[in-house]
Amino acid sequence: MLEGKFDEASLLKKVIDAMKDSVKLCNFNCTENGISVQAIDDSRVLLISLLIEAGSFEDYRCDRNIVLGLEMESLNKIIKNGNASDMLTLVAEDSPDALNLIFEDKRRDRIAEYSLKLMDIDQDFLKIEDMKFDAVVNMPSAEFAKICRDMKTLSESLQIIITKDSVKFNSEGDFGSGSVVIKSFTDLEKTEESVRITLEKPINLTFGAKYLNDIIKSTPLASQVTIKLCDKQPALFEYQLPSGYLRFYLAPKFED
Amino acid sequence: TLKQKSISNFFAKT
């Protein structure tokens, strides 16, 4: 049996909000360590890897491994009915045909209970080896989101160029072009505002702006985003959860 | 011209 209680529904609300526009159907794999998801978008360009470790829950138990096949839009409809500050408990039997979601407000005078039918989802599972990256950028997630939104107004592609101590986001469109350069920066008082660039080799990669604009829907989850890049390899965009992560592997564009 | 690659090109199925 699975029983996982979040102190606040807001965490799962943000996670589902971040994923629902990229993937329609997901298997949520529940083990004693927590809940994990691997899902690939329909165009097979973006891979999402979610891990909500047991430590992200107030209480968590899962006696046997359970797979919950969930339709994200339906899950989102139910999740939106709960308040962000409600406690949220996920409950499923060992061979479940439904996931129960129980929202309790903190004064415990209101309990809302929902049941979501499960689906049999046949999905590929890709093996992600330990990847080697040539550049790692840690930066404020809100700043990364603004850059992705701004650059998408010009072109459907966004070029990321990293040299020693700066990252250049470059967009070349039909009616014009634009770029934003950010440099390494340490804010000792507000560390979440800092930009850190770790570089082994210079990077020049191009990505679909549409996918980057899906990834930035994770911005409310974490104040910083970590971007890991390697030439002609998928980029990794990572948002840390209190205990776990939401990762996006995005295939680049390049010439054959 | 640049071509969008598929994520499946980079990771093997298990």
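Naming: A, B, ... by sequence-line order, numbering from 1 per chain.
Around CG of A:Asp174, the count of heavy atoms belonging to other residues, nucleotides or ligands within 6.0 Å does not exceed 12.
Between the side chains of A:Thr226 and A:Asn138, at least one donor N or O lies within less than 3.5 Å of an accepting N or O.
Only the backbone of B:Thr1 has a heavy atom closer than 4.5 Å to any heavy atom of chain A. Interface remark: A:Ile128 contributes backbone and side-chain atoms alike to the contact with chain B (heavy atom separation under 4.5 Å).
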Between A:Phe144 and A:Phe237, does the ring pair (Phe, Tyr, Trp, His ring centres under 6.0 Å) criterion hold? Intermediate values first, please. CA-CA 11 Å; A:Phe144 177 62; A:Phe237 300 85; 5.7 Å; yes

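A salt bridge does not link A:Arg44 to A:Asp41: none of the charged side-chain nitrogens sits closer than 4.0 Å to a carboxylate oxygen.
Of the listed residues (A:Lys127, A:Gln233, A:Met131, A:Lys232), the one with the most heavy-atom contacts under 4.5 Å to chain B is A:Lys127.
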